[in-house]
Amino acid sequence: MSAGTDGEEAPIATVKCRSNTLEYSAERRKSLRSRYVYGFIFFLMNLTTWFIRDYGHNVFQNELFVRFCGPAPGGGCFHKMGVLRLSLGCFIFFLLMFLTTCQTSKLQEARNTWHSNWWLFKFVLLIITLVLPFFCPPSLIHLYGELARVGAGVFLLLQLVSVIQFMTMVNNYWMSDATLNGSCCLGLFMSIVFYIGSVCGIALMYLLYAPTLSCTINIFFISWTVILIIAMTVLTIHSKVRCLLSSGIMASYIVYLCWSAIRSEPKNNKCSPKHDGSGDGDWTTVLAFLIAICAVVMATFSTGIDSQSFQFQKEEVQHEEDIPYKYGFFHLVFSLGSMYFAMLFISWQLLDHPAAKRWSIDVGSTSTWVKIINVSFAAIIYVWKLILPVTRQNKVMSDQDKPMNNSTNIIP
């Protein structure tokens, strides 16, 4: 009887295990697909923010908005105030998602269902959170604008860590013990290509944006970038580091950041090759604007799913019922990204400055300095990530030598 019972229980357990595996696989696919839905929502919200900033006052000419938002320079529902109000709504939505999913760890939890399903209810919640800030007083919106500057700075730091971690991963793949295959030669070739591209980019910036000695600020920006690249390269050549490929990619990245910073200077700058115009009828301006929005959305998306880069202790064991990525961190990055997008649309300036021009994003002297500071932070974080493994290795070796030294001192 017992043998027969055991024989019947074994197939039942096998079927149940397979059923759980299929259920976990379906939930995992649903969870992975939901990332793109949230990314699309974030993209649409930022397009709506741009529309409210540039064209909202022409489309919604109604006293109802004035009644709730107040008159235009101190209050208002459009221009910079409209950007901040919609950004606050987007921030509240993703903050609520963060608070309701931050402790999720297993696919069978109810919070996983809330993250991956209930889209109609979340759509209604999104509409409510977007409309609610338009009933808030201007003083509260001003306070959010100040907080958004801090949140945008935190987002930039998270993005830098994620980008540098990706560069390190590429370096470890191509420049690890490659003596057994030809990947080391390919990695070395690619590093040389990146360094040559960096040198060419610096030369072009000197030629286009610093044609005369009177362009002192641009000369300083470009020269500071050169100093950072030289410092990273000298450290990379050290025998204990050996991250030539990632340093080449990093050099190209901070050259791009420097170019982007100089491009953010006002168009009336005499050292800029751009013509002084309104910037709302040029198709290249429109294309650059759309590319910039898509690039920031993709950066927000990639940073949100890269929670492993921000963990001090890596989780090596992954079970089939575990969630594929950290939901709380994902929504937290998107909430900070909404603050960052708000700063881009208002050029990091609040209400005491003129409104941004149409089809412009992240243009102004403040935006330029933010990006230059970002260049410095990128180099500092990268150097820190290079030095940290070496210092840990030296500490481990010193800890291993201490017992040996003590034992030798005890022996007569």
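Taking the six-membered ring for Trp and the full ring otherwise, the centers of Phe341 and Phe42 sit less than 6.0 Å from each other.
Atom CD1 in Ile346 sits 11.0 Å away from atom OG1 in Thr49 (nearest 0.5 Å). Here the CZ-CZ distance, from Arg28 to Arg33, works out to 13.0 Å after rounding to the nearest 0.5 Å. To the nearest 0.5 Å, the span separating NE2 on His142 from NZ on Lys80 amounts to 11.0 Å. For the atom pair CD1 (Ile164) and CD (Gln159), the distance works out to 10.5 Å, reported to the nearest 0.5 Å.
Partners of Ser198 under the side chain to side chain donor-acceptor pair (under 3.5 Å) rule, at least two apart in sequence or in another chain, are Ser252. Every side chain to side chain donor-acceptor pair (under 3.5 Å) that Ser376 has, sequence neighbours left out, goes to Trp224. Evaluation of the ring pair (Phe, Tyr, Trp, His ring centres under 6.0 Å) rule for Phe221 yields Trp369 as partners, not counting sequence neighbours. Checked against side-chain contact (heavy atoms from CB on, under 4.5 Å), Val383 has the following partners two or more places apart in sequence or in another chain: Met232, Leu235, Ile387. Residues forming a salt bridge (charged side-chain N to carboxylate O under 4.0 Å, His left out) with Arg35 (at least two apart in sequence, or on another chain): none. Scored by the side-chain contact (heavy atoms from CB on, under 4.5 Å) test, Glu146 finds Arg149, Leu350 as partners (sequence neighbours excluded). Residues passing the side-chain contact (heavy atoms from CB on, under 4.5 Å) test with Ser367, sequence neighbours excluded: Ser264, Ser347, Trp348, Asp362. Scanning for side chain to side chain donor-acceptor pair (under 3.5 Å) contacts around Tyr144 gives Ser87, with sequence neighbours left out. Scanning for side chain to side chain donor-acceptor pair (under 3.5 Å) contacts around Tyr327 gives Ser31, Asn112, with sequence neighbours left out. The side-chain contact (heavy atoms from CB on, under 4.5 Å) search around Ser335 returns Phe91, Phe94, Leu332, not counting sequence neighbours.
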Apply side chain to side chain contact (heavy atoms under 4.5 Å, CB included) to residues Ser247 and Phe194 and explain how you reach the verdict. CA-CA 9 Å; Ser247 294; Phe194 279 112; over 6 Å; no

Run the side chain to side chain donor-acceptor pair (under 3.5 Å) check on Ser116 and Lys30 step by step: do they pass? CA-CA 6 Å; Ser116 305; Lys30 190 182 300 182; over 6 Å; no

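Considering every non-hydrogen atom in both Met343 and Ala148, the closest pair reads CE-CB, 3.8 Å. The nearest pair of heavy atoms linking Leu96 to Thr100 is O-OG1, 2.8 Å. The shortest non-hydrogen separation linking Gly82 to Ile52 is CA-CG2, 3.9 Å. Minimum heavy-atom separation, Val375 to Cys258: CG2-N, 3.8 Å.
Contact of the Phe345 side chain with the Asn46 side chain is registered, since non-hydrogen atoms from C-beta on lie closer than 4.5 Å. Considering only heavy atoms from C-beta on, Thr233 comes within 4.5 Å of Ile229 through its side chain. Looking only at side-chain heavy atoms (C-beta outward), Leu86 and Met45 stay at 4.5 Å or farther from each other. Residues Leu257 and Lys371 are not in side-chain contact: their nearest non-hydrogen atoms beyond the backbone lie 4.5 Å or more apart. Using a 4.5 Å heavy-atom cutoff, the side chains of Phe334 and Cys90 are not in contact.
More than 12 non-hydrogen atoms from other residues, nucleotides or ligands lie less than 6.0 angstrom from CH2 of Trp119. The neighbour count for Tyr206 OH, taken as heavy atoms of other residues, nucleotides or ligands under 6.0 Å away, is above 12.
No side-chain donor-acceptor contact under 3.5 Å links Glu265 and Thr368.
Judged as a salt bridge (charged side-chain N to carboxylate O under 4.0 Å, His left out), not a single pair has a partner in residues 87-101 (not counting sequence neighbours).
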Would you give me the side-chain donor-acceptor pairs under 3.5 Å for residues 121-133, sequence neighbours excluded?
residue	atom	partner	partner atom	Å
Lys122	NZ	Tyr38	OH	2.7
Lys122	NZ	Trp114	O	2.9
Lys122	NZ	His115	O	2.9
Lys122	NZ	Asn117	O	2.8
Thr129	OG1	Leu125	O	3.2
Thr129	OG1	Leu126	O	2.8

